[in-house]
Structure formats: C-alpha cells, structure tokens
Amino acid sequence: PLQNWWVPRGTVERNFQWQNPSWRFRSTSATERALQYQAGQKISGFTVKEVVTVPDLFLTAVKLTHDNTGAQYLHAARDDKNNLFSVQLRTTPMDNTGVPHILEHTVLCGSEKYPCRDPFFKMLNRSLSTFMNAFTASDFTMYPFSTQNGKDFQNLLSVYLDAVFFPCLRELDFWQEGWRLENENPTDPTSPLVFKGVVFNEMKGAFSDNERVYAQHLQNKLYPDHTYGVVSGGEPLAIPDLSWEQLKHFHATHYHPSNARFFTYGDLPLEQHLKQIQEEALSKFERTEPDTAVPNQPHWDRPREDHVTCSPDAMAPDAAKQNTLCMSYLLGDITDTFEGFTLSLLSSLMISGPNSPFYKTLIEPKIGTNFSSVVGYDGSTKEASFSIGLQGMAEEDTEKVKQIIVQTIDEIIANGFEEERIEALLHKIEIQMKHQSTSFGLSLASYIASCWNHDGDPVQLLKISDSVAQFRQALKDNPRFLQEKVLHYFKDNTHRLTLSMSPDEAYLEKQVKAEEEKLQKKVQALSESDKKDIYEKGLELLSVQSKIQDASCLPALKVSDIEPTIAVTPVEMGTAGGVPVQYCEQPTNGMVYFRAMCSLNTLPEDLKLYVPLFCSVITKMGCGGLDYRQQAQQMELKTGGMSISTSVNPDYSNMDMYEQVSPRAGVVRCIHSNVCFCVIFQIPHFDDEERLRVLVMMSAQELANGISYSGHMYAMTRAARSLTPTGELQETFGGMEQVKFMKRIAEMPDLTQVLRTLPRIKRHILNPLNMRCAVNSTPQKMSDAAGQLDNFMSNVASNKKDRKPVRSDITERLLDPLAAPGSGPSRKLITEPNFKPCQMKTFFPMPFPINFVSECIRTVPFTHEDYARPQLGADSIRTVYPAGHRRGQAVRVLSRGLPRRPLQ
C-alpha cells in the first residue's frame, strides 16, 4: 500500500450532492471535445503528445508536455462535474530528516501571492471544495484538490500553484511545522527546553504504531541503497538535524516544473487549465535537469535476515503471541505495465480470501492472528515487492512459519491455481472498472502516481482491459504461465528479506532515553545568548500564532458564482415482498447496487455487544449448501462485494431519540444471479468453531492495531458516550468498549457460547418485518432488478416473525418528513425520556508516546434554529486554532448535535 504521511490538518473532504447529474447526455460531452485535439497541437505553451480514448473508464486521455520546462501533463476528460487537479513532484530524500514531509507542510503556510498563514484552512470558508489535501509518499509529494464549481477550481488552482512553486518558506513556519527547541512553557524562560513541531510530533505518533514501524523497517531494509532506505516522513530523532537552509535548498532542487507532473480530471475545458497554469506558474521558469531519478536497487546474491523490536501491545488478543515475521521479495520495475498487472493478480491469487494457498497454510492453522501488516503486492516503489508473513505469533514458531512459506511456494509451482479462482479475480477487476464513485478523479490520480513518477506511461496503465486480454492470451499460450512467474520471482529470487519483529518491554523507555540524550546534546551546545534567543523566538512564534490572520488576499466565491438551486435526485418508493424499497436510477454501468437496513429494536440488550461480531462473520462462515470457501468463491464470481455493519441514526429533531440498524450492502450484476444473497439471509452457518476462532482472532488483532492509528476517533466516540443515547450505543458498537469485548472473546478457550449467541441475533436482524431496502441501477436494468428483488424478498419472508420490541418507548416517523401522515414508509425510533446527559472524564493508559484527547459538548439537534451556530463555530475553531506542538486537530459537529474536538 502507498505509504502516506498525511498533513496534520487532516483531509478536508465534504459530502455533496450533484447539482447537475454528470451522467446526463450533453450536446458535446467532455470526452468528445477532448478527441478534437491533435498530436503536435500547441496550447498555451504546451504541446499535445497523444490523445487516447479509454473506453473502460469512459474517458479520453490527453498527454501534453510543456515546451519550455518539460513539465509533463495528463488530462482525463470525463463527463464528471467533480473536477480534480493535482501536481506531484518527485521528492527523493537521502536522509531521515523528513525534509519532503516538512516541506509539504511548510509550503502550505503562505506564498508570495497569498502570504497569509495557513491558506489551506483559510480556504475552507471561501470554497466549495469536495477535497483538499497534500501528502508525502516515499518518492513523491502530491497536492490534489477537487470541486464541482468552475470558478472555485480557478481559485483553488491559483492558491495551489502559488503555494507549491512560490512559497514563503518563512523560518517561523519551519519552526512551527518541522521542529524547534522551545521552553516547555513558552512564556517562562526558566522552564526546560524541549523539542516541539507538528511533523516532529506527528512522526512520534506514526512510530508508536507497531504496524507502521514494521512496514517502514521492511522497506528501508529491502531497498537499502537509495531513497527507499530512509524515512521520507522523518525519523523523530533525525528530524532535529534538519536546518531551515536545507529545507529551502530541497525546495529549489525538487519543486521545479521540470520535476513536476500535472493531472487534471473532469468536464471543465482543458484550455482554461493550461492557460492559467502557464500564466501563473510555468512562464516564470526555465528548463532544468533535476537529479531526482531513482536507480534500481542492486540485487543481492543471497537472501538476508534481520530483526527489529517494537512496543508491547496491551490490547493484543494473546499477550504471549506478539511476534511478526515476513518474507519480502524484490520484483520488477513498475513501469512494465503488464508485468505489474500480472504480479498484482498473482498476489491476489496467493493471499486473498479463504481459498488462497497462503490463507490455508498460514491463517487457518492459527499459528498467528493475521497476515503481517505488510502483505501482498506493493507497487508504490520503483521496483515492486511482494511480502508474506504472520503477526500475532509466538517466537518459537519463527522457523515453522519460514518453512510453511517456502513449502507453499513449492506447492503453487507444482499445482497452480484453479481456473474458477482466476475467473473470479478477473470478474472482480471488471466490477472495479465499472464501479463509479464521487472521488473517481482522486482515485485515478493516486492509481497512476507511482508509475508515472518513474516515467512510466500513465495512459497504458489505465487500459485495464488490454492487460486483461493480454493476460488471458498468455495463460492460453502457456498454461504454466503463472507457475513460471512464481518460480522466477519467488523460488529462484535471491533478493529476499526475512524480517522478524518482537516486543521489547523497555522499548518506550529506550525511545524516551534516546530523545532525552538528543535533546541534552542540543541544549549543552547552547550558550546563554542562544537560550535567550530561543526564548524570544518562542514568544514571537506564540504571538504570530495568536494573531487573527488577514485572509483578504485569498480568492473567494461570490454568491453569483454558485448555482442558486440544488437538483433533487429523483427516487421512487415501492415494495418488494411487503418490504419498503427505494428505487433510484443512476449511471451504474450495468451494475445493481442493493442495500438493506434492519432495525435492532427487538434485539435483547445482552446481545448488542455481539452485533459487530455478527456483522463481521456472517458473510464468511458459509451458508446453505456452501461451506465458507465455496461461499467466498461465489461472492467473487457473482458480486462486487458484500458487507454488513452497524449503524446508529440519530433523529434530526430530538437528541434523545435514535434508530439502531444493521445495514447490508452488495454490488451485483443482477440480483437473480446472486444466490448468496438469499442463502445468507435464510441459512447462514454458525456451527464451525474453528472457523469462528480464526475470524475472531483476525478481528481482534485489527481492532488492537487500529488504536494508535485512529486514537482520535476512539477518543471522540468515548467522549460522546455520556451525552446522548446515540453516543452510548456508538461506543458499544465501535468504541473502546468493543475493542475490549473482542479481546475477551479472543481469549476465550471455548467459543461454544458465542456460536449459540449468533443465531439468536440472526433471528432478530434478518427479519423482513424490520427491513427496508434501496436499489440503484441504470434505467435499463431497473425493471428486471425490481422483479428479481421481489422474488428475493418473498424467499426471505420465510423468516418472517412478529417479534415485540424490547423497548416500550418506540416512536414511528415517516421516512419522508414532508410527506402527509400515513402516506409512506416509516421508521421506528427509540426514545430515551429518562436519559440524563452528564460530563464524564475517562483515561485509557496506552503504550504510546503520544496522547489522544477529545472534548465533546452537547448542543442542539439538526432542526434547531441554533444548529448552524455550533457548526460555524466548529469551522472557525478549526480554521484559527494555533498549531503549537500538536500532531493534529480537528473540530466537527455531528447531526446529533455534538461538537467534537480531538487533539493528538
């Protein structure tokens, strides 16, 4: 997976509705307009190199090069109003100071044209952006944004271009975003000097996550000889070695158009983009020859082994099993598009799902709790890699796991893969190509980034059906095509790293000691004059952070720039087997999207803690006449995925009223081809204790691993627990209470009681009397989908049984609040008339060098006349709150009237 060091400001992403559905036919579509360009055509300082239709993705790709600087440009013309821009620069650090990461933060602190501090957040209330962010990968830095408004696109483009190519890079911004020595209390010169800085603290947080620690070590040790041998995000103890002058030099050598790749996507005219980029940025540069290319890693003549340590995990399912072991293989160059496609598909065949060889040999014997944190094909570096291993294993099983990996590779070479499994994966690829999302442009930008970064052809990468056809032909010509790849890349590959990791009880203590030694070394080198200067600079930074910034220099939308009305998406209400159904015609490329919601109002209180586990395992235990392997195969062959989860929907007018439901979702070509839906509803299997134990251990491990990465979310959920009934249930379903519950389940020697509990939940949830459904499809498919859904729901009705709610305080509300009473389907909400909100402080001690803090305040519901005030207040706090020494912070107001502000 792409290794991102996200900006601490957090992703700014807003939900939005289509003002004009992008799929409606126009007199001239964006793809048709793009086809009018010709190779060799000159446009605003650019030359068109190639124009290619990509029917798989319903777009036309236009490749250009800037004449003067050599900057590369790709435009994906598509009938999508959510237009995206990104500029990525190849950033190849050669030390652990985190210079590209700190630079990513610092360029967003003001520029020549927009010198106000933190224009990134200042644009929040001046823009209708649907996405704004920046991130640093191992070898490139990307700055993307998206919006549906043409004027907003120009405004954001102007801000982004100036930030990237003409940043202020003030020393104060470097101190704030990177690192600094400062008095612990900036206003008290006698308080001790400490390290501070946003990136410094962010990376301390990153290195508190054992999974990320392991992934970083694995990459550094597999590619030791160039940029992948260092930590692009910054190793905390190396960050204080970076100087302001080095930061500015890195910008001068890496942030140049000759080292840049521009990408635009959507239905806005390409000419306007090129004209603005030329006038506001590229016309001010001359061509250079950037020395940023990444050479191939010299191949080893024999495999290597290494070992690292980490912090013990207090929430691990088994305290005695906290070791990780992984074998990682260096593969080929990612610019070979077909080879990368083949190896990615081969990886999926080897590790994905219960039918894969490594799942059978590593996961099912319960040697460990889950695959290692780095697993499968990784194409984010110039040369790809494949990793396979286990986490949550005992140290004495190390040699056993090594032998299993080698033996499994031998078995794959001997036996190959079932044809049905290959077809299932190709079907999955087809579904992914057809799937439409509101962030499609961002997905494309991320998909092509690594290959393009190393001068691969991004357009060829988009021609997925060409790769599928070539793969089928290769397999037809040589039935042992895949086995020979396994032999070459795994069996005979001497560039193999075996990396083990074990917990060290003194790990945190050693980290603290190392930081203290680094600090004292810095402090001891200071004169009294230096210390006075540090104190005065600290006061200066505090003063600047506290000032209200003048953002008048930034562009802003006017009311006249915004569509005065929002188009309402038409839906049609109906029934299927007596169950309310919402039908919505959408451009789904022939796919049918099905979603059902089941009320939990009849579920006894003692079963609620088990509901997330039930949702996690019901699609993985087998059903009807299918065991869990056959079920997984059928789901891959006939669906684009099925998921079940919990949801708590607060009432929009009463904070003490809510609906508790379990949503189920699936993507299918047509409902009648998907027997899995029916048998899962009617005859799920809950009788295989060994299978359940595997799933429980995997789930418990994933929850434990997620605490350090999502600690702010757990803090927010816990803080809301005592303020509303909704918050209390959210904590039960997805908070620390659920993490601790799953740890207890994982520690149980006998799961018989759990197996007896799950069918009880099924009887309450999978009941058509408690359901409502939604179907999205193209107009051509809708009639058939509706008919098949009716048959499907009629079959499910065999489980129909009238069960009394366990709560007496039930209020029935129409789904459409504007409909006349009794004129449509309704939902049943639980009222908590006796709920008493109270402030409660909770502390969870965790083995992390960072803290996650959240404060939650009960305010007013969505329909209250004052609701907009806390919403605007939250936005204002998020915009002006000083950076200080936090790792990250955010403020939000939820629909149930709870402003939350987590600090990390």
Side-chain angles (χ1 to χ4, degrees), residues 1 214-215 217-219 221-224 228 296-306 324-353 355-365 367-368 370-391 393 397-418 421-422 425 467 471 474-475 478-500:
Y214 187 82
H217 280 299
L218 190 68
Q219 177 175 292
K221 295 176 185 298
L222 186 67
Y223 306 88
Y228 303 130
N296 286 339
Q297 167 66 41
H299 278 236
W300 305 334
D301 56 5
R302 63 176 59 89
R304 298 180 184 180
E305 294 198 12
D306 211 328
T324 298
L325 181 132
C326 177
M327 286 188 180
S328 193
Y329 301 81
L330 184 67
L331 306 179
D333 196 304
I334 61 172
T335 59
D336 186 335
T337 304
F338 177 66
E339 193 73 356
F341 174 87
T342 300
L343 291 172
S344 178
L345 192 145
L346 179 59
S347 170
S348 296
L349 288 168
M350 294 169 73
I351 67 169
S352 294
N355 292 296
S356 64
F358 278 113
Y359 191 98
K360 294 175 182 178
T361 59
L362 287 177
I363 299 298
E364 292 190 341
I367 306 168
N370 206 341
F371 285 126
S372 51
S373 58
V374 182
V375 65
Y377 178 82
D378 181 359
S380 65
T381 49
K382 186 175 188 292
E383 293 172 284
S385 65
F386 173 86
S387 303
I388 182 65
L390 277 178
Q391 61 179 308
M393 52 179 279
D397 287 330
T398 297
E399 291 303 319
K400 181 180 181 180
V401 171
K402 292 180 187 177
Q403 293 172 7
I404 289 175
I405 292 174
V406 172
Q407 290 169 2
T408 304
I409 288 174
D410 287 339
E411 291 171 5
I412 293 172
I413 294 171
N415 304 322
F417 303 97
E418 297 177 3
R421 285 208 65 227
I422 297 174
L425 274 174
S467 295
F471 175 81
L475 206 58
N478 179 10
R480 290 187 55 83
F481 174 67
L482 291 175
Q483 285 110 303
E484 290 176 2
K485 295 295 181 185
V486 175
L487 178 67
H488 173 70
Y489 285 108
F490 304 118
K491 178 73 173 178
D492 296 339
N493 190 350
T494 55
H495 197 115
R496 182 185 77 222
L497 172 67
T498 302
L499 182 66
S500 58

When you compare the side chain of [Y] with that of [X], does any pair of heavy atoms fall below 4.5 Å?
X: Ile363; Y: Leu390; value: yes
X: Ser356; Y: Arg421; value: yes
X: Phe386; Y: Met350; value: yes
X: His299; Y: Glu383; value: yes
X: Asn493; Y: Trp300; value: no
X: Ile388; Y: Val375; value: yes
X: Phe490; Y: Leu346; value: yes
X: Leu222; Y: Ser385; value: yes

I need the [X] [atom1] to [Y] [atom2] distance, nearest 0.5 Å.
X: Ile412; Y: Leu487; atom1: CD1; atom2: CG; answer: 12.0 Å
X: Phe371; Y: Leu362; atom1: CZ; atom2: CG; answer: 6.0 Å
X: Met393; Y: Thr324; atom1: CE; atom2: OG1; answer: 8.0 Å
X: Asp397; Y: Ile404; atom1: CG; atom2: CD1; answer: 8.0 Å
X: Phe417; Y: Ile422; atom1: CZ; atom2: CD1; answer: 7.5 Å
X: Asp306; Y: Lys221; atom1: CG; atom2: NZ; answer: 4.0 Å

Donor-acceptor pairs are to be reported for all side-chain atoms of residues 333-341 against protein atoms at under 3.5 Å, with residues two or more places apart or in another chain.
from   : atom 1 : to     : atom 2 : distance (Å)
Asp333 : OD1    : Thr335 : N      : 2.9
Asp333 : OD1    : Thr335 : OG1    : 2.7
Asp333 : OD2    : Lys382 : NZ     : 2.9
Asp336 : OD1    : Glu339 : N      : 3.2
Glu339 : OE1    : Lys485 : NZ     : 3.1
Glu339 : OE2    : Lys485 : NZ     : 2.9
Glu339 : OE2    : Tyr489 : OH     : 2.6

Nearest heavy-atom neighbours spanning [X] and [Y]:
X: Pro357; Y: Leu349; value: CD-O, 3.2 Å
X: Cys326; Y: Tyr214; value: CB-OH, 2.8 Å
X: Gly376; Y: Ser347; value: CA-OG, 3.3 Å
X: Leu425; Y: Leu345; value: CD1-O, 3.9 Å
X: Met327; Y: Thr498; value: CG-OG1, 3.5 Å

Strictly by salt bridge (Lys or Arg N to Asp or Glu O under 4.0 Å), give each pair with a member in residues 399-416 just once, sequence neighbours left out.
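Sorted result for residues 399-416: Glu305-Lys402, Glu399-Lys402, Asp410-Lys491.
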Residues Leu482, Thr342; criterion side chain to side chain contact (heavy atoms under 4.5 Å, CB included); working and verdict:
CA-CA 8 Å; Leu482 291 175; Thr342 300; 4.3 Å; yes
Any side-chain donor near an acceptor of the partner, Tyr223 and Thr381, under 3.5 Å:
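Yes - a donor-acceptor pair under 3.5 Å links their side chains.
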Sequence neighbours left out, what passes side chain to side chain contact (heavy atoms under 4.5 Å, CB included) with Gln407? Give chain and number order.
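Here the qualifying residues are Gln403.
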Count the heavy atoms belonging to other residues, nucleotides or ligands that lie under 6.0 Å from CD of Glu364, then report whether that count exceeds 12.
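Yes.
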